[in-house]
Amino acid sequence: METVLVTGGRGASGRWVVDRLAGDYEVVVVDYDHPGLGVDPAPNVSFRAADLAERDQALDVVAAVDPDAVVHWAAIPVAGTHPEGRVFETNALAAKHVLDAAGRADAPVVQASSDGAYGFFFADPTPFPEELPVTEEHPRRPEDPYGLSKVTAEAAAGAVARRHGVSAVSLRPSWIQYPGAYACRADEYVEDLDAGAGNFWSYVDARDVADLVAAALADLLGDDPAVAPGTHEAVNCVAADNALGRPLLDLLRESYGEIPDDCAVDESELTEGDDRGAYAIEKAARLFGWTPSRSWRDAADEAVAEPTLFEE
């Protein structure tokens, strides 16, 4: 069984990724803290502790595991929860160190980027997209430390791919939701159009995120990967519909006044009355055969147990 090292695997979305991968791989979870030597890990799961923002620790732990692939999921997840400098430095340094270590180990990489890399959500005012749906080629212009750290991590992935000849994929999830606990369906969100305008009411289920990680890994570890060694690809990871279930063009007109004339609207993908999300997801389907299968309509109240990676 191949070994996959997953950083940040004990985090809110990381544990869903680990749970999804553990059926197919030996998964080594690397986090800042260790759950303790007395815990009973889930099948095919083990734990190591490291401060990945420290280069020697990141290089050492990846070299010691010698994984077949690396999933870099560790980060301070949002802006506004920590000092700006800490958010950027922690995320950018951890990504650079882990990716360098993966390249040295000849291990392909799947990492967590974010739709925050585009720079919409934390900008003031929110810039209107230059195209709809928003493809992976849209300019990235973040003003906040979180989005900037993700742009930096994507650049680092491209550099490592070129330097070491490994494949690298950066996934750009939108706001990640959890079955039975969809924050994007809370009254204060649904009833206030401005609450979700910064990312155009987009979201994605944690299980769909984990499925895309698994699909990308299977490709990178296959005999003829769609993402060839030496190359890096960024891929949107977003639900097919928007969180309000209303036509996207209507939401945009109501919130922003109009669709600017210089916004290129792909009428083959986005029609009047269409409640799709604002981000294009065709690239994930083309490269990895992934399409999101969960919607808030079912998942917001779905009773699904959170993954348990170990027992005390």
Side-chain angles (χ1 to χ4, degrees), residues 3-22 25-36 39 41-42 44-55 57-62 64-65 67 69-79 81-82 86-102 105 107-117 145-147 149-150 152-154 156-157 160 168-178 204-214 216-217 235 237 306-310:
T3 298
V4 176
L5 184 150
V6 180
T7 70
R10 293 178 61 195
S13 61
R15 68 190 65 184
W16 291 90
V17 172
V18 172
D19 183 69
R20 174 65 178 81
L21 299 180
Y25 307 97
E26 292 286 347
V27 180
V28 181
V29 177
V30 178
D31 259 297
Y32 189 81
D33 294 314
H34 195 283
V39 304
N44 300 331
V45 176
S46 61
F47 299 93
R48 298 199 179 207
D51 181 352
L52 298 172
E54 296 293 331
R55 185 170 180 81
Q57 294 189 41
L59 295 176
D60 283 353
V61 73
V62 175
V65 174
V70 169
V71 175
H72 178 49
W73 217 254
I76 296 176
V78 291
T81 58
H82 297 78
R86 182 181 175 192
V87 172
F88 177 78
E89 291 175 6
T90 299
N91 292 354
L93 287 174
K96 179 67 166 64
H97 301 336
V98 171
L99 294 168
D100 282 349
V109 175
V110 177
Q111 73 165 341
S113 183
S114 168
D115 67 341
Y146 176 73
S149 76
K150 292 304 183 180
T152 303
E154 290 188 13
V160 165
V169 175
S170 295
L171 304 183
R172 294 176 181 166
S174 190
W175 188 16
I176 299 177
Q177 307 293 306
Y178 302 94
V204 64
D205 191 286
R207 295 165 295 177
D208 279 331
V209 175
D211 285 345
L212 182 49
V213 173
L217 270 182
V235 180
C237 179
E306 184 177 285
T308 301
L309 303 184
F310 58 86

Compare every heavy atom of [Y] with every heavy atom of [X], then report the nearest pair and how far apart it is.
X: T7; Y: A74; result: OG1-N, 3.1 Å
X: P145; Y: V87; result: C-CG1, 4.2 Å
X: A22; Y: N44; result: O-ND2, 2.8 Å
X: P173; Y: V209; result: CB-CG2, 4.4 Å
X: R48; Y: A64; result: NH1-CB, 3.5 Å
X: A53; Y: L93; result: O-CB, 4.1 Å

Counting C-beta onward and ignoring hydrogens, is there a side-chain heavy-atom pair between [X] and [Y] closer than 4.5 Å?
X: P67; Y: V62; result: yes
X: V18; Y: V45; result: yes
X: L171; Y: V169; result: yes

Does the [X] side chain pair with the main chain of [Y], one donor and one acceptor, at a distance under 3.5 Å?
X: D31; Y: G9; result: yes
X: Q111; Y: A157; result: no
X: N91; Y: I76; result: yes
X: K150; Y: A112; result: yes
X: Q57; Y: A50; result: no
X: R10; Y: L309; result: no
X: H34; Y: F47; result: yes

- Query: Run the salt bridge (Lys or Arg N to Asp or Glu O under 4.0 Å) check on R207 and D211 step by step: do they pass?
  - Reply: CA-CA 6 Å; R207 295 165 295 177; D211 285 345; over 6 Å; no
- Task: Indicate whether the side chain of E154 and that of S113 have a donor and an acceptor atom separated by less than 3.5 Å.
- Result: yes
- Query: Around Y178, counting heavy atoms of other residues, nucleotides and ligands shown, do more than 12 lie under 6.0 Å from its OH?
  - Reply: yes
- Query: Are R15 and D19 close enough for a salt bridge, meaning some N to O gap below 4.0 Å?
  - Reply: no
- State the NZ-CZ distance between K96 and R55, to the nearest 0.5 angstrom. 5.0 Å
- Item | Spacing of CD belonging to E89 relative to OG1 belonging to T152, to within rounding of 0.5 Å | 11.5 Å
- Check salt bridge (Lys or Arg N to Asp or Glu O under 4.0 Å) between D115 and all other residues, then give those that pass, not counting sequence neighbours. none
